[in-house]
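Everything below concerns the one structure shown next.
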Protein chains: 2
Amino acid sequence: MKKNRKELFFEETLKLVVQKGFKATTLRDIAHKLDFEVANVYNYIDSKESFLEGYLFNTMDEFCGYLNNIVDSSYTPVEKLKFVISKHVQYTIAHPYIVALFIYEWRNLKEPKLTEFKDKRQGYIDTVNTIIKAGIKDGDLREMDDEFATFMVMSSMRWLFSLVTKENVTINPIEIEKQMTDFIFKGIGK
Amino acid sequence: MKKNRKELFFEETLKLVVQKGFKATTLRDIAHKLDFEVANVYNYIDSKESFLEGYLFNTMDEFCGYLNNIVDSSYTPVEKLKFVISKHVQYTIAHPYIVALFIYEWRNLKEPKLTEFKDKRQGYIDTVNTIIKAGIKDGDLREMDDEFATFMVMSSMRWLFSLVTKENVTINPIEIEKQMTDFIFKGIGK
DNA sequence: GTCTATAATTCGATAGAC
DNA sequence: GTCTATCGAATTATAGAC
């Protein structure tokens with residue numbers, strides 16, 4: 001896949017921002033990495049803020065859209081939850097730096113985008129919670145606090161990006177998804 | 001427990017830094033929250049950087065020291081792991097904002113402190129991995145990739161702070177520890 | 001401990017020539 | 001698209017009086 005200059009700019013900038021943090025990454029850092037002067041940054045983005053917004057809301061919308069399709073399907077709650085896990089794992093492996101941005105840098109959004117982001121994220125979690133609650137009610141998941149269960153499922157998936165961005169680690173998406181699903185459903189005990 | 005001015009300063013500043021991020025929190029923000037002028041900040045800290053260092057390394061040392069005591073005990077691997085989980089849960093409930101700082105803001109350390117921090121953290125993870133590996137070998141934990149298991153155990157504990165800092169949530173440390181342990185060992189499946 | 005004043009630097013962003 | 005030049009604002013930190 002050939003990358004044009006714009007794709008290269010976004011890719012390198014994303015990596016830099018994830019590595020140093022959004023606030024700590026200056027436009028001069030970005031310009032230096034791409035080997036041009038500061039003013040040229042504005043050939044690609046309108047502002048530093050808009051760069052962050054673009055990634056965060058595109059990703060958010062993709063996840064919310066996918067989740068809605070899962071919910072509107074006729075799968076069982078457990079099957080639906082496995083689709084959710086699969087989506088998280090596969091997206092994280094494909095775009096680990098975007099996920100890192102999603103986790104670390106959303107706080108740098110300015111109002112009203114900040115509130116909009118938090119609301120959408122809460123909506124996503126609420127929907128996953130609905131699925132898990134149904135799974136418990138059906139007796140397919142063990143009896144436990146459904147909100148805590150939701151919290152733990154989301155938590156355990158959230159850091160996978162850091163495994164993917166680690167060097168010298170070979171990733172088999174199929175195997176990772178299997179192990180992630182096994183951990184969430186069976187834990188590490190015997 | 002009566003708080004003197006220094007304790008109040010550190011507590012309020014910590015909350016502010018966690019809420020806005022280390023880089024995004026200015027000394028003016030801190031001064032304004034404590035109702036005095038910027039220069040007074042330096043009555044309590046030598047620099048913005050030293051504030052971060054203090055919290056991060058004190059916490060790191062406490063966790064490493066405790067883990068060493070666990071390792072040097074005669075408990076079984078599974079029992080040791082439960083002590084590790086207990087420590088994480090209890091510390092997180094007692095000091096959620098410090099844990100948040102630990103997770104979000106370590107990247108703002110400057111060299112050589114940054115490398116020192118990363119090395120210590122990796123040492124901690126390696127030691128937990130040793131415990132889990134022994135548990136699998138003994139047959140007390142199910143057969144699985146021990147490194148991935150370690151990664152997942154650590155990941156699932158890491159976000160607990162966000163549950164504790166949430167408003168309108170009542171926390172029972174004993175119950176949370178039970179549910180956390182159940183999730184890690186049994187998952188959510190039946 | 002508190003303040004005012006300010007140094008020294010860095011930041012995001014813009015103007016305008018080529 | 002690239003550059004030089006620069007603006008205005010914000011930042012950490014210090015000096016020194018009260």
Side-chain angles (χ1 to χ4, degrees), chain A residues 2-57 97 101 104-114 117, chain B residues 2-57 97 101 104-114 117:
Chain A
K2 190 128 185 295
K3 290 168 203 156
N4 61 30
R5 295 185 65 78
K6 186 165 184 175
E7 285 170 343
L8 189 67
F9 171 86
F10 274 88
E11 222 168 83
E12 293 298 314
T13 301
L14 175 61
K15 281 188 191 176
L16 208 54
V17 165
V18 167
Q19 186 191 1
K20 301 190 62 174
F22 180 75
K23 274 273 181 184
T25 303
T26 67
L27 300 185
R28 283 161 181 81
D29 291 334
I30 296 168
H32 179 259
K33 182 157 187 181
L34 288 157
D35 226 28
F36 52 53
E37 295 304 311
V38 190
N40 292 19
V41 168
Y42 292 92
N43 291 333
Y44 301 98
I45 55 173
D46 292 333
S47 68
K48 202 185 172 190
E49 170 82 3
S50 71
F51 171 83
L52 186 62
E53 277 182 18
Y55 271 120
L56 291 183
F57 283 92
Y97 290 99
L101 199 74
Y104 276 125
E105 308 299 348
W106 59 268
R107 285 177 306 170
N108 293 303
L109 288 171
K110 290 170 189 163
E111 296 291 1
K113 289 290 180 180
L114 179 60
F117 180 85
Chain B
K2 189 128 184 294
K3 288 168 204 159
N4 60 31
R5 294 186 65 80
K6 187 165 183 174
E7 285 170 342
L8 189 66
F9 171 86
F10 274 88
E11 220 168 86
E12 293 298 312
T13 301
L14 176 60
K15 281 188 192 177
L16 207 55
V17 166
V18 167
Q19 186 191 1
K20 300 190 62 172
F22 179 75
K23 275 274 180 184
T25 304
T26 68
L27 301 185
R28 281 166 183 77
D29 292 333
I30 297 168
H32 179 259
K33 182 157 187 179
L34 289 156
D35 225 27
F36 52 52
E37 294 304 311
V38 188
N40 293 19
V41 169
Y42 292 93
N43 292 333
Y44 301 97
I45 55 173
D46 293 333
S47 68
K48 202 184 170 191
E49 170 81 3
S50 71
F51 171 83
L52 186 62
E53 278 182 17
Y55 271 119
L56 292 183
F57 282 94
Y97 291 100
L101 199 74
Y104 275 125
E105 307 299 347
W106 60 267
R107 284 177 305 172
N108 293 301
L109 289 171
K110 290 171 189 163
E111 295 292 2
K113 290 289 180 180
L114 179 62
F117 181 85

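Sequence lines set the chain letters: A, B, ... in the order given, protein chains first and strands last, and positions in each chain run from 1.
Here the C1' atom of nucleotide C:dA15 and the CG atom of A:Asn43 are 14 Å apart, to the nearest Å. D:dG1 atom P lies 13 Å from atom CG of A:Leu34, rounded to whole Å. In this structure, A:Phe22 places its CZ atom 8 Å from P of C:dG12, rounding to the nearest Å. For the pair A:Asp46 CG and C:dA13 C1', the computed distance is 12 Å after rounding to whole Å. Atom NZ in B:Lys23 sits about 12 Å away from atom C1' in C:dT9, given to the nearest Å. Between the P atom of C:dG12 and the CG atom of A:Asp29 lies a distance of 8 Å, rounded to the nearest Å. One can place NZ of B:Lys6 at 14 Å from P of C:dT2, the figure rounded to the nearest angstrom. At whole-Å resolution of the value, OH in A:Tyr44 and P in C:dA13 are 17 Å apart.
Between A:Glu105 and A:Asn108, the shortest heavy-atom distance links the atoms OE1-ND2, 2.9 Å. Minimum interatomic distance between B:Val41 and B:Leu27 (heavy atoms only, all atoms of both residues): CG2-O, 3.9 Å.
Taking every side-chain heavy atom of B:Lys48 into account, D:dA13 is the closest of D:dC3, D:dT2, D:dA13. Of the candidate nucleotides D:dC3, C:dC11, D:dT11, C:dC11 has the atom lying nearest to any side-chain atom of A:Arg28. Closest to the side chain of A:Tyr42, out of D:dT4, C:dC3, C:dG12, is C:dG12. Nearest to the side chain of B:Ala39, among C:dC3, C:dT14, C:dC11, sits C:dC3. You'll find that the side chain of B:Leu27 is closest to D:dA13, out of D:dA13, D:dG1, C:dT2. Checking C:dT2, C:dA13, D:dC3 against every side-chain atom of A:Phe36, the shortest atom distance belongs to D:dC3.
Inter-residue side-chain proximity for B:Tyr104 and B:Val17 is flagged as unmet; no heavy-atom pair is nearer than 4.5 Å.
The cationic group of B:Lys48 lies under 6.0 Å from the six-membered ring centre of B:Phe22 and within 45° of the ring axis, placing it in a cation-pi geometry.
The shortest distance between the side-chain N/O atoms of B:Asn40 and the OP1/OP2 oxygens of C:dT2 is below 4.0 Å. At least one side-chain nitrogen or oxygen of B:Arg5 sits closer than 4.0 Å to the OP1 or OP2 atom of C:dT2.
Not one N or O on the side chain of A:Glu12 forms a donor-acceptor pair closer than 3.5 Å with the backbone of A:Leu34.
Across all strands, B:Phe9 comes closer than 4.0 Å to no nucleic acid atom at all (heavy-atom distances).
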